[in-house]
Asks: 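Encoded as structure tokens, here's the structure I'll be asking about.
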2 protein chains.
Amino acid sequence: MTVGVRHDDLRRRNRAMVIAAVRRAGQPSRTEIAAVTGLSNSTISTISADLIEEGILAQAKNGETAALKRGRPQVALGLNPRAATVVAIALSLNSLSASLIDYSGKAIIHDISRPATLTMTASGLVEAVTAAVGRLLARMEPDHGPVLRMTLAIQGITDSEARKLMWSPITPHSDIQFADALETAFGIPVTVENDCNMIAVALRGRAPDRYRDNFFTILLSNGIGMGLVLRGELFTGSHSSGGEFGHMIHVPDGAQCRCGRRGCIEAYAGNYAIFRHARGESEYAQPAADIDDATMLALAAAARDHDGREREAFRKAGEAIGFGLGSLFALFDPAPVAIVGLGSSAFDVIEPALRDAISKTAGGQHNAAISFDLEPDETPLIRDGCARQALTFVDQDIFAAGTAVETAGKAVA
Amino acid sequence: MTVGVRHDDLRRRNRAMVIAAVRRAGQPSRTEIAAVTGLSNSTISTISADLIEEGILAQAKNGETAALKRGRPQVALGLNPRAATVVAIALSLNSLSASLIDYSGKAIIHDISRPATLTMTASGLVEAVTAAVGRLLARMEPDHGPVLRMTLAIQGITDSEARKLMWSPITPHSDIQFADALETAFGIPVTVENDCNMIAVALRGRAPDRYRDNFFTILLSNGIGMGLVLRGELFTGSHSSGGEFGHMIHVPDGAQCRCGRRGCIEAYAGNYAIFRHARGESEYAQPAADIDDATMLALAAAARDHDGREREAFRKAGEAIGFGLGSLFALFDPAPVAIVGLGSSAFDVIEPALRDAISKTAGGQHNAAISFDLEPDETPLIRDGCARQALTFVDQDIFAAGTAVETAGKAVA
DNA sequence: TTATTTTTTTCGAGGCTCGAAAAAAGAGCT
DNA sequence: AGCTCTTTTTTCGAGCCTCGAAAAAAATAA
């Protein structure tokens, strides 16, 4: 049972709400905050005074206060960029990027490297990440705020506690304890998240009107990933990061999937499956570990150009994704879908079969109303999602509580 | 954005929590309530005094205070049965039951009738329900509490506002505005819910340890229904009651479903599908509107008895449900499943194929750990779920607010 | 009967939010 | 420049709410 609301929780919640309102609105005045939160002006005044005192918020240097109206001008409040920083790390096949993000959400420093993830040992992988973060932190300057949180996004399955990588296509090893290792090395709390989930977080943050209650993000690459947001909240499974859309069954006992099972959606729509079909190989041929981008773009070009095996391969992919989405729509009703990753640049050759399949499912009558947003480059979205995830934690669980980290960014003029 | 927490919300929430604690625990003492809610003894004392004053709670007549310990004996608090009543209505094929439930959750009066739902007009159906409720209320006695809420459960799809029936197999008509009609007739707020969702509510209430965070209830009858609870909350779609498990696609372009599409799980596992297969009819034969229970039990007996078409029909049904569950497990991780309805009495002939299918899916490695609870008779569960749903509303949205209905059940000695 | 133990109530303190009133800060106009 | 008007922000007292400590209540054990 949820625990009772104590008196001090009340202040914490309302502080959290004020911080969230500022993060969302950018530079709102106290009056605007009062309007969105529903709290009274006097309460907002008190809370924002505290937050400024603690160095979490800062009054904007007026300047462009926009359309001058009569009356006392509004004072814009903003997040103090030096109040804190977070680290956003994206680890994918042969690629590792770590970024330092200031409290206002701006990326300050990047560290990009290309470790050979498939051939490294598990501890080698952990060390590569630790080293990247180490390099990043070494480049911090004195006026950057303290690092209060790190978020690591990885392609694959993480545990529901967001502490370890249970399985991933980027490495043969499993159950890698990234969070423990990084926390030991740096003394900063860490979570390990699924990359598609972070994409969903990023999209929700960027376009809250469109990605509001229920929506899906689908990452089309060698594997198929999904981020699932239900009722505005990121859905993670009870044991894992969940949302294994790519491993829903499309055809019982069908094509060979990389996961060892048969008939998964991925076994028809993953890059390796498209490649396999386009080359005329058997559905049961061993999946390739990776297909480079140029090859996939060439296949898509061929599919556009003429009716042949390539076009049929993309058709099969579209059909698999379409029936899968149809099943999701049967469960959750139709909802916006974002198609992310290289596969979205071939979406034009996938879409006809996909829509055809959807129209045969329970969501079919809304086929026309369902639109797909395409985002070919997933990397910035993943980093953005990690940053937002980490900053939200700082907002809600550290700064809203008020106590402790008093000294954070006070040194600001 | 969620609205700010005002000062009076605090009291409302804590009152709601006290009421919920009493409903769950049955006859807890103030000290026990303090322990579960995390509120202080003095707060519980104040709140419970108010609730008793308002006639919502009542001190138990001591009596069996159990194991007498040293010290001042605990005073058991209970829900005052006369504080309010609710009406629980279950409408299914050719069957209508309405029940008056007292505030403690006990059913007091029933009204059972058998309208010919398939052949009635839409307004005839509404009138049948209105008449049943009218008869029920006419039999109320003076010391019953006021009726504060009605919940109507129907097999089929309801809208997300829980106000109308959008589609149902029990009637050819659609978009029937039950809530408006009943509210106009009786002046009591009404919701219209999906029957499987109410079964899920009932199970969560009865066995909260087992049915805690994520679980599924599957109703096997002529159609296949599902109730979906995620993170402890009943999941409903954005436009409808959602959870149309029966219309997830099992075989693309497969057998003819009652919904007009092809390859749905229901087209393999619904009673009509099993019947059709067992009789050696084509997968595309027109689905029967209803198969009586005796026929289905006879088919199951034949399947148990010898290897023939009947056994093959149940095998196909198990396979369809198993792959469907496998897809759910891929999305949500494995979770408890309750199989409800007549179909569960044939579960022994379904289970082998079902488990075989699950083992071929992403949740397969946990196959052994997945257990199925069987509940052959769905009617009491539906009624129970409706009652719980309605009572929870009274608890949280009427009594917790405190104002207004002051006079409710004060007349209690 | 008295001491002990446990539950429940009472009471004052401390916080929090709110509404009303006051103060602040500029625009508009003469 | 000076006055008025408008809007935002702050201040202040009132009213609630929860909490901890102490007191009261109610029963058992000796």
Asks: Would you mind building the protein contact string for nucleotides 2-9 of chain C? One character per nucleotide, 5' to 3', B for base within reach (heavy atoms under 4.0 Å), S for sugar-phosphate only, - for untouched.
Replies: --BBBBBB
Asks: Salt-bridged, A/Asp213 to A/Arg204, with N to O below 4.0 Å?
Replies: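 Salt bridge: no.
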Asks: Is it the case that B/Thr43 and B/Ser40 place a side-chain donor and acceptor less than 3.5 Å from each other?
Replies: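 Checked: B/Thr43/B/Ser40 side chains pair up, N/O donor to acceptor below 3.5 Å.
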Asks: Roughly, in whole Å, what's the span from CG in B/Asn14 to P in D/dC16?
Replies: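 After rounding, the gap between these two atoms is 17 Å.
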Asks: Name every donor-acceptor pair, under 3.5 Å, that has one atom in a side chain of residues 394-402 of chain A and the other anywhere in the protein, sequence neighbours excluded.
Replies:
{"from": "A/Asp395", "atom 1": "OD1", "to": "A/Arg23", "atom 2": "NH2", "distance (Å)": "3.1"}
{"from": "A/Asp395", "atom 1": "OD1", "to": "A/Tyr103", "atom 2": "OH", "distance (Å)": "2.5"}
{"from": "A/Asp395", "atom 1": "OD2", "to": "A/Arg23", "atom 2": "NE", "distance (Å)": "2.6"}

Asks: B/Phe393: what forms a ring-ring contact (aromatic ring centres under 6.0 Å, His included) with it, not counting sequence neighbours?
Replies: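 Scan of B/Phe393 (ring-ring contact (aromatic ring centres under 6.0 Å, His included), adjacent residues dropped) gives none.
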Asks: Could you tell me the separation between the CG atom of A/Asp50 and the C1' atom of C/dG15, rounded to a whole number of Å?
Replies: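 Going from A/Asp50 (CG) to C/dG15 (C1'), I get 12 Å.
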Asks: Measure from CZ on B/Arg15 to P on D/dC16 and round the result to the nearest Å.
Replies: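 Distance check: B/Arg15 CZ to D/dC16 P gives 15 Å.
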Asks: Quick one: CG on A/Leu39 to OG1 on A/Thr46, what's the gap to the nearest 0.5 Å?
Replies: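 Nearest 0.5 Å value for the CG-OG1 distance: 10.5 Å.
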Asks: Should A/Arg11 be listed as having a side-chain N or O under 4.0 Å from OP1 or OP2 of C/dG15?
Replies: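 A/Arg11 to C/dG15 OP1/OP2: no side-chain N or O under 4.0 Å.
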Asks: Specify the separation, in whole Å, of atom CZ of B/Arg12 and atom C1' of D/dC16.
Replies: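 The answer, rounded to whole Å, is 15 Å.
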Asks: D/dT18 phosphate, OP1 or OP2: any side-chain N/O from B/Thr43 under 4.0 angstrom?
Replies: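 No, outside the criterion.
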Asks: Would you call B/Arg82 and B/Glu141 a salt bridge, using N to O less than 4.0 angstrom?
Replies: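 Here B/Arg82 does not pair with B/Glu141 in a salt bridge, since their nearest N and O are not under 4.0 Å apart.
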